[in-house]
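All remarks here apply to the structure that follows.
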Amino acid sequence: MTARPRPLVAGNWKMNGLRPALNELAAMGGAYDGALRRKVDLLVCPPATLVYVAAAAAVGTGVAIGGQDCHAKENGAHTGDVSAEMLANAGASHVIVGHSERRTDHKESDAVVKAKAEAAWRAGLVAIVCVGETKEEREAGRTLAIVKRQLRGSIPEGATADTLVVAYEPVWAIGTGLTPTAKDVEEVHASIRAELRKIIGKDESPLVRILYGGSVKPSNAVELMGVANVDGALVGGASLKAADFLGIAAAYR
Ligand SMILES: O=C[C@H](O)COP(=O)(O)O
């Protein structure tokens, strides 16, 4: 029997969160008890301004802290950017790269995303590489081709199940309350698994976590997390409140 990856529920706070938001993180940590810990990993990616203090606050709770993006370079004249090394130094263990909001707002190409994933590994971070089609691409029947191109272009050589997480996020499902059908999610995740097998081989690919993201809520988590090859969630809006985030993680109880 093929081993299954341990699930990961990751929260992406995006550009939300001032210091009082750490109370939500504390509530998450407080409720991350033995039973839940045995079944699922929890990760919270606050804005860069809160990574250091969040990592300090999360010590001992089992909740991991991550960044939402990193620059490809270690340091230098890049005003406003944050390097993977800075995130690691602040206490992060993961970093999201290639989120569709970065691909759109900052015109990040697959090659840029790949360089950022390499930077994550250089700093000892796990790279969460995001892929996903737009509404137009889905309607044109190009979903699988787009996701395949993004995987091929964004995942560096040498990825392992310990260094890579893939997040499938249909752009049209992000923050809209819309979700694909379970059948559609299953099709894309199976295709991602097959592509990973070609990219990183038959030994590592079954163990890479493939997250689904896009309007995940406590009310749809059981169905979405129950789909074959869905190994957790990348959660935006519903990760801002401990009750909602924990309600999603409870799909694994
Ligand atoms: O990174 C998270 C995703 O973009 C999903 O966001 P959402 O849960 O608010 O739809």
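Every number for a ligand or one of its atoms is a count from 1 in the order of the listing.
Of the protein's non-hydrogen atoms, the one nearest atom 9 (O) of ligand 1 is G237 N, 2.8 Å. At the top of the distance list for atom 8 (O) of ligand 1, counting protein heavy atoms only, stands G236 N, 2.8 Å.
Not a single donor-acceptor pair under 3.5 Å links the side chain of D41 to the backbone N or O of V63. A donor-acceptor contact shorter than 3.5 Å is absent between the side chain of W13 and the backbone of G236.
Contact of the V9 side chain with the L43 side chain is not registered, since no non-hydrogen atoms from C-beta on lie closer than 4.5 Å.
Between H189 and Y212, the ring planes lie tilted relative to each other; the angle falls in the 30° to 60° range.
The neighbour count for R193 CZ, taken as heavy atoms of other residues, nucleotides or ligands under 6.0 Å away, is above 12.
Near G214, with a cut-off below 4.0 Å to any heavy atom, the atoms of ligand 1 are 5 (C), 10 (O). Atoms of ligand 1 lying under 4.0 Å from any heavy atom of I174, numbered from 1 in the order shown and given with element: 4 (O), 6 (O), 10 (O). Numbered from 1 in the order shown, with element, the atoms of ligand 1 that lie under 4.0 Å from a heavy atom of N12 read 1 (O), 2 (C).
Every residue two or more places apart in sequence or in another chain that forms a side chain to side chain contact (heavy atoms under 4.5 Å, CB included) with V53 is listed here: L22, L50. Applying the side chain to side chain contact (heavy atoms under 4.5 Å, CB included) rule to D69 yields the partners R102, E108, K116; only residues at least two apart in sequence or on another chain are considered.
Within the structure, the closest approach of S215 to ligand 1 falls below 4.0 Å when heavy atoms are considered. Residue contacts with ligand 1 leave out K217, since none of its heavy atoms falls under 4.0 Å from the ligand.
Relative to atom 2 (C) of ligand 1, the option among Q68, E101, E169 with the closest non-hydrogen atom is E169.
In terms of N/O distances under 3.5 Å, ligand 1 is not approached by L234.
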